[in-house]
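Have a look at the structure below, then the notes.
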Amino acid sequence: MVIIDKRRRWLYPTIECVLLKYKEGKKPLTREEVGECLSERGLRSSDTIKDNINAAHWFGYIYDLRNDEDVEKLKELGYDDITRMHGRGKLAPTVLALIHWKVYRSIDEILRKMGIEDEDKDENVKLSMRVFLNKISDVMNNILDAMFDGLREYWLGEIRRSGMVSVHRNMEEGVIVVKVRLLEGGQGFECRGNWEGVLNCIDKKWRDMPRSFKESVMPPDRIRSVMFVIKAFRDSINGTPHPIPPSSIDYYEVFTNALLDLSKYYLRQELELKKKIRNEIKELVKRKLGEGGQA
């Protein structure tokens, strides 16, 4: 859970500036660009601007391409294209920044509707954030898992029809087993493990296979790209922030909005289910007492 330092009341405006400027330019930003945006919002102190940019970096909302540790982390996550970007800009926002900013705005809007507009409103928003983020993270994890399962099941249905692949789950070992039978009597192979492990295994086994054969069974690009985005969001929520590719900022924003809408729906359904169960238990207790039994 993110703990917000009360002295850094400009943290979320800083995140907003980074996201807005990144969306406008579709490229990494300079600190000066972020500072100009904050100055337009009334922040004049260069020290405070620097402090809040550094805070955003510390909380995992920004990657700094001048930082060797950040560059190594981006390479580990598979973002070599971002680390190689040339130009003056060196700051790139993360998926975590986008999610937390959207949550912040949602809470801010709720408080406005409640008529809370005093000078302490920002601290009220941040307090609500601290209470809400753990809960919303759990919900988002469940939704992202369901999305991934949906894509996976769709793909499995497609490749099963090819006749070359059989898939089953080994419930005793808790793993997925994929068996591939090659055409024309070639020797097949087997991959087992969790879903990501199976995909990596298949990818390595088929590295030397003809491209046409591989494409007939591996997930198509449109599915793999969505799988990658789901992984980026899931990793970010769970402590490993992914950067937002400059060309994908618009899509990532749409995805975040959809994820938040689904989360709100999930929470409403969960609340209704809890109310229903609570009422059923109350009625059961009253009925047992009415029958002369013990509750």
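None of these values were measured; they are calculated from a predicted model. Heads up: numbering here begins at 1 and tracks the sequence. Side chains are part of it too, since the values below use all heavy atoms of this structure and drop only hydrogens, waters and symmetry mates.
Residues Leu19 and Val254 fall into different hydrophobic clusters, defined by Ile, Leu, Val, Met, Phe, Trp and Tyr side chains chained together at heavy-atom separations under 4.5 Å. Put simply, Leu43 and Ile62 are part of the same group of oily side chains (I, L, V, M, F, W, Y) that touch within less than 4.5 Å, one to the next. Both Leu267 and Ile143 are part of a single hydrophobic cluster, where members link through side-chain heavy atoms under 4.5 Å apart. In the hydrophobic clustering of ILVMFWY residues, with side-chain heavy atoms under 4.5 Å counting as a link, Val95 and Val71 come out apart.
Within a 6.0 Å radius of CD in Glu69, no more than 12 heavy atoms belonging to other residues, nucleotides or ligands are found. In this structure, Lys50 places its NZ atom where only 12 or fewer heavy-atom neighbours from other residues, nucleotides or ligands lie under 6.0 Å away.
Between Glu253 and Lys102 there is a salt bridge, since at least one side-chain N of the basic residue sits less than 4.0 Å from a carboxylate O of the acidic one. Looking at Glu16 and Arg41, a side-chain N of the basic residue comes within less than 4.0 Å of a carboxylate O on the acidic one, giving a salt bridge.
Residue pairs meeting the salt bridge (charged side-chain N to carboxylate O under 4.0 Å, His left out) criterion with at least one member in residues 54-65, sequence neighbours excluded: Arg31-Asp64, Asp64-Arg66. Applying the salt bridge (charged side-chain N to carboxylate O under 4.0 Å, His left out) rule to pairs touching residues 256-268 yields nothing, sequence neighbours excluded.
Ring planes of His242 and Phe228: perpendicular class, angle over 60° (limits at 30 and 60°).
Taking Tyr266 as the reference, nothing meets the ring-ring contact (aromatic ring centres under 6.0 Å, His included) condition, with sequence neighbours excluded. Under the rule for a ring-ring contact (aromatic ring centres under 6.0 Å, His included), the partners of Phe233 that lie at least two apart in sequence or sit in another chain are Tyr252, Phe255. With sequence neighbours excluded, no residue forms a ring-ring contact (aromatic ring centres under 6.0 Å, His included) with Tyr265.
Proximity of Ile15 to Phe59: side-chain heavy atoms (C-beta onward) are nowhere separated by under 4.5 Å. When side chains are defined from C-beta on, Asn141 counts as touching Arg234, because their heavy atoms get closer than 4.5 Å. Residues Pro28 and Leu91 form no side-chain contact, since every pair of their non-hydrogen atoms from C-beta on lies 4.5 Å or further apart. Using a 4.5 Å cut-off on side-chain heavy atoms (C-beta onward), Thr94 and Ser236 make no contact. The closest side-chain heavy-atom distance from Thr240 to Lys73 is below 4.5 Å. With a 4.5 Å cut-off on side-chain heavy atoms, Leu262 and Val139 do not count as touching. Put simply, the side chain of Met140 does not reach to within 4.5 Å of the side chain of Lys135, judged on heavy atoms. The shortest distance between side-chain heavy atoms of Met85 and Pro246 falls below 4.5 Å.
Between the CG atom of Asp70 and the OG1 atom of Thr83 there is a distance of 11.5 Å, given to the nearest 0.5 Å. For the atom pair Ile249 CD1 and Leu98 CG, the distance stands at 5.5 Å (nearest 0.5 Å). Atom OG of residue Ser137 and atom CD1 of residue Ile237 lie 6.0 Å apart, to the nearest 0.5 angstrom.
Pairing each heavy atom of His100 with each of Tyr12, the nearest pair is O-CE2, 4.1 Å. The minimum heavy-atom distance linking Tyr22 with Pro245 is given by the pair OH-C, 3.8 Å. Between Pro243 and Tyr79, the shortest heavy-atom distance links the atoms CD-CE1, 3.4 Å.
The closest donor-acceptor contact from the side chain of Tyr63 to the backbone of Pro241 lies under 3.5 Å. Not one N or O on the side chain of Asn52 forms a donor-acceptor pair closer than 3.5 Å with the backbone of Thr14. A donor-acceptor contact shorter than 3.5 Å is absent between the side chain of Ser263 and the backbone of Ile136. With hydrogens and angles disregarded, no donor-acceptor distance shorter than 3.5 Å links the side chain of Ser248 to the backbone of Tyr251. Listed for the Asp51 side chain is no donor-acceptor partner under 3.5 Å among the backbone atoms of Asp47.
Partner Leu74 forms a side chain to side chain contact (heavy atoms under 4.5 Å, CB included) with one of Asn67, Leu65, Asp80, Asp81 and no other, that one being Leu65.
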If you look only at distance, which donor and acceptor atoms sit under 3.5 Å apart when one is on a side chain in residues 271-286 and the other is two or more places apart or in another chain?
residue, atom, partner, partner atom, Å
Asn279, ND2, Lys275, O, 3.3
Glu283, OE2, Lys286, NZ, 3.1

Check your understanding: Could you walk me through whether Lys26 and Ser247 pass the side chain to side chain contact (heavy atoms under 4.5 Å, CB included) check?
Key -> CA-CA 6 Å; Lys26 303 291 193 297; Ser247 61; 5.8 Å; no
